[in-house]
Colleague: 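After the structure tokens below, expect a handful of questions from me.
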Amino acid sequence: MSNGGTVCRPLPRQYYDRDTVTVAKELLGCLLVHHSPEGTTAGKIVETEAYLQGDPACHAARRMTPRNSVMFGPPGYAYVYFTYGMHYCFNAVTNSEGVGEAVLIRALEPTEGIALMQRRRGRKNMRELCSGPAKLTQAMGIGIEHNRLDLTGARLYICQGEAGAPIVTATRIGIKEGTDLPLRFYLQDCRYVSRK
DNA sequence: ATGCAGATTGCA
DNA sequence: GCAATCTGCATG
């Protein structure tokens, strides 16, 4: 698969083994790819949020539990959680093993498998396919079965995209604590961001 | 054992 | 504005 000449190979583990805010910013413009039994879907990451150790909004802020344990493991793995009784959200585990941090992928610009995304979402409008953390998991066919999946593998991964586009830094959405922290990042002037 | 709030979404 | 719908976690 090619993407305008961009090589599409999974980002290596050491990419994720860095400061989580840095990874959250650099993931903007990268491509999230899922080769599923139903077909391949992919989209450009246009919005992310960082969740840090010592951050009250982070699922790993307290002790380790079965749900959040993958966040404490080695970087470069998927953390998929189920919420509100009906939605899944996708994160990439970052920073060193033992540090409970991750980047939430909040929005994508659909680039491949759009018909499949439309079918999964029950929506036609391009802007309603991946403009939200639970929308994109539905469109991409990502569920709890992908929790703990190795993102350096061939099935579900992120590959390098074009960097250098202007980034907006803002506060995170949908949380009660830590709302003052500037840990949300999105591509400026992008129509596929969940909310400005 | 029981209760509650949640990194959301879609419809009234 | 609010229901949908399940799980982790705190409390008794």
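Lettering follows sequence order; numbering is per chain, from 1. Just so we're clear, the structure is a prediction, and the values are computed from it rather than from any experiment.
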Colleague: So, does Ser36(A) use its side chain to make a donor-acceptor pair with the main chain of Gly39(A) at under 3.5 Å?
Modeller: yes
Colleague: Verify the ring-centre separation between His59(A) and Tyr51(A): is it less than 6.0 angstrom?
Modeller: no
Colleague: Could you tell me how the ring of Tyr157(A) sits relative to the ring of His35(A): parallel (under 30°), tilted (30 to 60°) or perpendicular (over 60°)?
Modeller: tilted
Colleague: Are the aromatic ring centres of Tyr77(A) and Tyr79(A) under 6.0 angstrom apart?
Modeller: no
Colleague: Please round to the nearest 0.5 Å and tell me the distance separating atom CG of Leu116(A) and atom OG1 of Thr40(A).
Modeller: 9.0 Å
Colleague: Please verify the inter-ring angle class for Tyr88(A) with Phe82(A); under 30° counts as parallel, over 60° as perpendicular, anything in between as tilted.
Modeller: tilted
Colleague: State, to 0.1 Å, how close Arg172(A) and Ala57(A) come at their nearest heavy-atom pair, and which atoms those are.
Modeller: NH2-CB, 3.8 Å
Colleague: Taking dT5(C) as the reference, what is the distance to dT2(B) when you measure between their P atoms (whole Å, please)?
Modeller: 23 Å
Colleague: Quick one, give me the B/S/- string for nucleotides 1-12 of chain B, reading 5' to 3', where B means a protein heavy atom under 4.0 Å from the base and S means that only happens at the primed atoms, P, OP1 or OP2.
Modeller: -----BBBSSS-
Colleague: Under 4.0 Å, counting only non-hydrogen atoms across every strand here, what does Arg63(A) touch: a base, just sugar-phosphate, or nothing?
Modeller: sugar-phosphate
Colleague: Do you know the tightest heavy-atom contact between Lys44(A) and Leu31(A)?
Modeller: N-CD1, 3.6 Å
Colleague: Where does DNA chain B form stems of at least three consecutive Watson-Crick or G-U wobble pairs, each pair having both distances below 3.5 Å?
Modeller: B:1-6 with C:6-11, B:8-11 with C:1-4
